[in-house]
Amino acid sequence: MSITDVLSADDIAAALQECRDPDTFEPQKFFQTSGLAKMSASQVKDVFRFIDNDQSGYLDEDELKFFLQKFESGARELTESETKSLMAAADNDGDGKIGADEFQEMVHS
């Protein structure tokens, strides 16, 4: 699966443009601009599986650091503060990782 199978390449490019500078990544803005927020829960979970590099069923901070690169290989890495902020926004149970349900809830919040 390619991310552009489910999201428009133009929408992804626009979302990445909005956060190209370090410490400018805003998850909800990214989800809106990229089109993720408009997707069904099952589609968002498909995108989650694409982002989940090790297919563990969870995203940890190491995977989140490369979040933007899953949408475009040349995109920047998230900064440490952006990574921690993204984790805090979605890790509802405080286990230090984001499950598919938590990811979907964050995208649609």
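Given the structure is predicted, the values throughout are model-derived calculations rather than measurements. Any value given below was found using the heavy atoms of this structure, including those in side chains, with hydrogens, waters and symmetry copies removed.
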| said: Any side-chain to backbone donor/acceptor pair from Ser85 onto Ser81? Under 3.5 Å, distance only. | reply: no
| Backbone N/O of Thr24 and side chain of Asp21: donor-acceptor pair under 3.5 Å | no
| Which word best sums up how the rings of Phe31 and Phe67 line up, parallel for under 30°, tilted for 30 to 60°, or perpendicular for over 60°? | perpendicular
| request: Would you indicate whether the side-chain heavy atoms of Ile98 and Leu64 approach each other to under 4.5 Å? | output: yes
| message | Using side-chain heavy atoms (C-beta onward) and a distance below 4.5 Å, is Phe25 in contact with Leu68? | response | yes
| What is the distance from atom NZ of Lys38 to atom CD of Gln32, rounded to the nearest 0.5 Å? | 7.5 Å
| task | Give, for atom NE2 of His108 and atom CD of Gln28, the distance between the pair rounded to the nearest 0.5 Å. | result | 10.0 Å
| Side-chain donor or acceptor of Asp91 paired with backbone N/O of Asp95 under 3.5 Å | yes
| Just wondering, do Glu82 and Arg76 contact through their side chains at under 4.5 Å, heavy atoms? | yes
| query | In this structure, are over 12 heavy atoms from other groups packed under 6.0 Å from Tyr58 atom OH? | reply | no
| Partner residues of Asp10 under the side-chain contact (heavy atoms from CB on, under 4.5 Å) criterion, sequence neighbours left out | Ser8
| note | Correct closest heavy-atom pair for Pro22 and Thr79 would be CB-CG2, 3.8 Å
| message | Can you tell whether the side chains of Asp46 and Arg49 come within less than 4.0 Å, N to carboxylate O? | response | yes
| In Å, rounded to the nearest 0.5 Å, how long is the span from CG of Leu59 to CZ of Phe66? | 13.0 Å
| message | Name the residue from Ile3, Val47, Asn53 that meets the side-chain contact (heavy atoms from CB on, under 4.5 Å) definition with Lys70. | response | Asn53
| query | side-chain contact (heavy atoms from CB on, under 4.5 Å) with Asp5: which residues, sequence neighbours excluded? | reply | Met1, Ser2
| note | Rounded to the nearest 0.5 angstrom, the OG-CD distance for Ser56 and Glu63 is 5.0 Å
| query | Any donor-acceptor pair under 3.5 Å linking the side chain of Asp52 with the backbone of Gly57? | reply | yes
| For the atom pair CD (Gln104) and CD (Glu102), what is the distance rounded to the nearest 0.5 Å? | 11.0 Å
| Counting only N and O atoms by type, is there a donor-acceptor contact under 3.5 Å from the side chain of Gln69 to the main-chain atoms of Leu78? | no
| request: Could you go through the side chain to side chain contact (heavy atoms under 4.5 Å, CB included) check for Leu86 and Met106 one step at a time? | output: CA-CA 9 Å; Leu86 183 56; Met106 175 180 59; 3.6 Å; yes
| field | Residues that Lys65 engages under side-chain contact (heavy atoms from CB on, under 4.5 Å), provided they are two or more places apart | value | Glu77, Thr83
